[in-house]
Amino acid sequence: MKTPKDLYYTETHEWVKVEDGFAFIGITDYAQDSLGEIVFVELPEENEQVNQFEEFAAIESVKAASDLNSPVSGVIVAVNEELEDNPELLNEDPYENWIIKVELEDETEINKLMNAEEYKEHCE
Amino acid sequence: MHKYMPHTHDDVRAMLDRIGVEKLEDLFSEIPKTLVHKELDIPNSMSEIELREHFASLAKQNTPLIPFMGAGAYDHYTPSVIRHLIERQEFLTAYTPYQPEIAQGTLQYIFEYQSMICQLTGMDVSNASMYDGATATAEAMFMATGVRRSKKILISATVNPNIQEVVKTYALYRDIEVITVNEEDGQTSLDEVKALMDKDVAGLIVQNPNLYGITEDFTGFKDALDEHKGLFIMNHDPSLLAHLKTPASWGVDIAVGDAQTLGVPLSYGGPYIGYMATTTKLMRKMPGRICGVTKDQDGKRAFVLTLQAREQHIRREKANSNICSNQSLLALFVTIYMALMGKKGVYEAQQMSHDHAHYLHDKLLELPTFEPAFDKPFFKEFTLKTTLDVDKMNDVLKEHGYLGPLPQKRFDEAKADLVTFAVTEKRSKAQMDAFVDIVRGLS
Amino acid sequence: MYYDKLIFEISTEGRKGYSLPKTEIERREVPDHLRRPDCPGLPEVSELDVVRHYTNVSFKNFGIEKGFYPLGSCTMKYNPKINQDMANLPEFAGLHPYQPLDTVQGMLHVYYETQRMLSEISGLDTFTLNPYAGAHGEHIGLMIIKAYHRSRGDEKRTKIIVPDSAHGTNPASATVTGFESVEVKSNADGTVNLEDLKSVLDDTVAGIMLTNPNTVGIFEKDILEIAKLVHQAGGLLYYDGANLNPLLGFARPGDMGFDIMHINLHKTFSTPHGGGGPGSGPVGVTKALVPFLPKPVVKKTSDGYSLDGETDLTIGQVSHFVGNIGVAMKAYAYMLTIGKDNITDIARFSTLNANYIKESLKDDFLLPIEGICKHEFVFDGLKDKSTGVTTLDVAKRLLDFDMHPPTVYFPLVVKESIMVEPPETESKQTIDKFIEVMKAIAKEAKEDPDKVKGAPYNTVVKRLDEALAARKPIVKYKDLLSE
Ligand SMILES: Cc1ncc(COP(=O)(O)O)c(C=O)c1O
């Protein structure tokens with residue numbers, strides 16, 4: 001299981017990467033592995049507001065479905081539309097393929113997330 | 001020993017020994033003594049001879065009448081072939097196709113069924129069936145309120161009142177408000193739709209043909225709904241879709257209805273089959289099972305239940321619907337019906353219903369006791385105003401073996417003089433002439 | 001030879017499979033502005049084309065009459081032929097639902113007596129046969145629970161308790177009835193954890209949904225205590241009747257304290273599953289809840305049977321007419337054929353069959369819950385986990401031996417669940433053969449795991465790519481053409 005060091009993680013298996021006041025959000029390797037073959041991502045729309053630990057999208061595999069919770073609050077400035085036609089990208093590389101990009105509202109929210117070490121422990 | 005249970009004394013002994021208990025009752029020892037029930041008040045078992053006699057005596061207490069009534073149950077022709085095929089054990093006794101490698105038969109007919117429903121309705125995708133047309137309509141309401149995240153829906157007053165009732169019952173317990181759109185001369189009032197629609201309303205439910213048998217004109221409805229992103233739900237008799245404009249061409253988002261009209265026997269109201277079809281855009285919001293095409297390991301074409309993540313067994317409390325068992329065998333029934341009737345037959349049979357209904361309509365209007373209720377086009381069901389005592393008329397008709405028209409007062413006291421007749425391809429000219437003669441004799 | 005044609009693919013222009021009478025009645029046209037301009041693309045085939053096509057399609061299916069079908073939670077017992085014959089009698093099948101009552105007394109007798117016998121068997125006061133299936137019954141039962149609380153002005157009861165082992169329809173039904181479902185944990189033996197239950201019981205609880213025996217086949221011994229606790233908290237108990245088979249004639253949900261239940265006639269009462277329906281899900285209630293039953297209600301009066309449409313408290317109408325009455329007719333014929341003299345044997349022999357298989361296979365498959373089960377039980381996959389062979393692999397390998405696999409991956413509380421339900425209609429010989437095959441698969445999993453993982457081999461198609469179907473949905477013939 002991969003858990004890149006430069007990311008922060010939620011208990012519900014989402015990651016966030018912060019860059020210049022923006023946050024890229026996706027699902028972890030652990031999440032894609034337990035879901036199995038991902039067949040559909042129900043993406044939100046741009047300009048929607050998301051709140052920390054609240055639902056922003058849903059993801060479906062052949063045998064499971066799961067809601068995704070946002071690690072941080074803010075307005076969605078971009079969604080990865082490539083996932084609409086190629087949801088399997090999330091299986092192939094869950095860290096390269098972010099799902100939404102959010103304009104960060106409050107950097108201190110990061111303090112409520114886990115770092116790679118903590119997340120690894122959480123998954124055990 | 002009973003014919004349905006093969007356990008001999010020796011079998012039981014050997015099996016109990018393997019389990020390591022003395023007697024059969026030991027397998028139930030954990031049930032609290034206070035719960036063990038002594039004797040049930042049900043009859044003793046019957047042999048097949050006795051059972052047949054019993055049913056024969058019950059059959060004598062039923063008198064199937066020749067229906068001149070529809071109101072949601074229509075006496076269309078059922079080709080013999082269908083019964084023989086659907087009672088093949090491979091179809092009849094199988095469970096839901098959860099093991100696709102040994103359920104390609106069920107999956108294939110579901111795929112054919114979905115394809116045919118899409119051909120009739122013009123919609124992009126159909127599910128594998130719902131319970132009946134009324135519950136399918138209620139499920140469409142849930143789908144629309146879910147998609148629009150709304151707690152309000154409009155329903156036309158011209159929708160069959162039983163369907164309205166089912167929709168309202170489903171809505172009541174989920175705190176959805178159902179607002180009735182009044183009728184205007186037997187049709188859904190577009191002005192009212194415009195007045196009642198706003199962004200908090202999920203959409204509109206209409207029926208075609210409606211409770212009077214009128215084939216409504218929905219010009220302008222789609223635009224009125226689009227303005228507020230409302231969804232258009234239409235309950236449509238599928239057998240008439242070789243003739244009438246498709247739900248898709250009216251801009252419908254969710255097409256539903258009862259496919260009983262595709263040759264399913266009356267059977268005192270069930271089993272029938274609800275259908276539901278929608279657009280590609282809303283596909284993943286549709287309730288129920290959907291069959292899709294895939295390939296097996298060798299690249300061979302195969303069928304499988306798909307998009308299952310919408311359903312209760314995966315999404316549980318977040319599922320689109322709680323439906324599990326549907327009316328699968330009836331889906332096979334209507335698929336075989338549509339295959340037999342084919343491109344031309346559905347049209348020809350319903351052309352006959354149409355023409356015969358118009359014949360009866362005109363014949364009845366020659367009598368002094370009937371006059372038109374609406375000046376609107378109809379298909380196989382029509383509503384007239386009468387000066388006759390409706391109950392008496394239907395009593396006399398019953399004595400002659402006929403089921404008379406639906407008295408609209410069944411649903412609305414204010415419509416005491418309105419009656420609705422239904423005519424299918426099964427009603428011959430001779431039958432209709434005889435029927436009219438009886439009615440002529442009444443005053 | 002594998003028949004892989006769709007009906008559309010054997011269509012030939014100009015053929016037909018129907019005949020209609022000639023008519024002298026004048027033809028009229030549908031008004032232009034309402035007329036469909038094109039023709040629906042239905043096939044053109046002869047009658048024999050149709051018969052042969054669907055016969056060949058049927059060969060790709062596995063039914064109960066072909067072989068053993070131990071599908072857990074589904075009660076795949078033999079579907080008697082005589083039931084079908086009775087349901088097809090034209091004096092029943094030809095009745096319009098709005099016929100005058102005096103012309104349908106035989107049909108109403110079937111309705112009334114079926115509901116009466118179900119009441120007697122389950123210990124509840126009255127049943128409605130209007131619900132179309134088990135899940136529909138759940139929806140209606142929960143409506144009754146809500147209507148009951150509302151009728152007492154008790155609006156704060158918004159929660160339905162559902163065990164984590166429950167069938168997916170239970171929480172889904174709670175949602176569609178406008179309830180929030182609250183999950184309670186199971187004990188290691190699958191029974192309800194009383195402490196966990198107590199912790200969620202308060203005056204916001206409308207009721208609880210249980211099945212007994214539960215979904216792992218274990219009888220809830222504490223059921224009387226559970227019922228007391230829930231009732232004390234002001235909630236009602238709903239019984240999911242999917243597992244009624246092993247209680248027939250022994251114990252009744254009504255006596256256990258359940259207020260409402262559904263019965264799946266397509267499980268316990270032998271009506272066929274039809275490839276996924278039609279079923280029938282009658283709902284029974286205690287006397288206090290009878291006024292809430294959906295309409296119409298069939299009543300017995302001094303003048304015969306009547307249909308009652310109006311009671312003040314009814315939840316309303318939930319079906320266009322009176323449900324799948326044609327299915328109920330088969331259950332009625334079955335109950336009369338079984339009778340009170342044989343009904344308890346259903347419980348005995350289904351339970352005997354299940355325990356016999358469990359004891360015979362527990363050295364090869366992991367048995368998470370020891371002890372006597374009722375009509376079904378679960379294994380947690382193979383005992384030897386080192387081979388990497390999963391429950392899915394075992395199920396697929398069974399297909400090669402002309403047996404339907406058990407239910408797999410349900411209930412969710414057992415990870416590699418294999419849920420075996422051998423109904424009372426199955427003989428020791430059939431069951432011994434199943435045991436033999438299951439042992440052989442367990443052995444093969446050790447010796448040649450890849451063989452098991454590659455199964456099935458003898459079916460018309462091999463394992464399917466389910467991800468492909470869901471990623472690029474092709475859901476009708478027209479989509480195939482544009483492929
Ligand atoms: C435990 C349980 N509850 C409910 C249901 C739903 O029943 P139905 O399919 O008749 O709606 C099932 C059916 O599989 C079941 O096994």
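So that the names make sense, note that chain A is the first sequence line, chain B the second, and so on, each numbered from 1.
Atom NZ in A/K63 sits 5.5 Å away from atom CD in B/Q308 (nearest 0.5 Å). Distance NZ/B/K318 to CD/A/E55: 5.0 Å, rounded to 0.5 Å.
More than 12 non-hydrogen atoms from other residues, nucleotides or ligands lie less than 6.0 angstrom from OH of A/Y119. More than 12 non-hydrogen atoms from other residues, nucleotides or ligands lie less than 6.0 angstrom from NZ of B/K151.
Heavy atoms only, all atoms of each residue included: A/V62 and B/I314 are closest at O-CD1, 3.8 Å.
Contacts between residues 64-83 of chain A and chain B, defined by a heavy-atom separation under 4.5 Å, are made by A/A64, A/A65, A/D67. Residues of residues 276-302 of chain B lying within less than 4.5 angstrom of chain A, judged on heavy atoms, are B/R284, B/K285 in numerical order.
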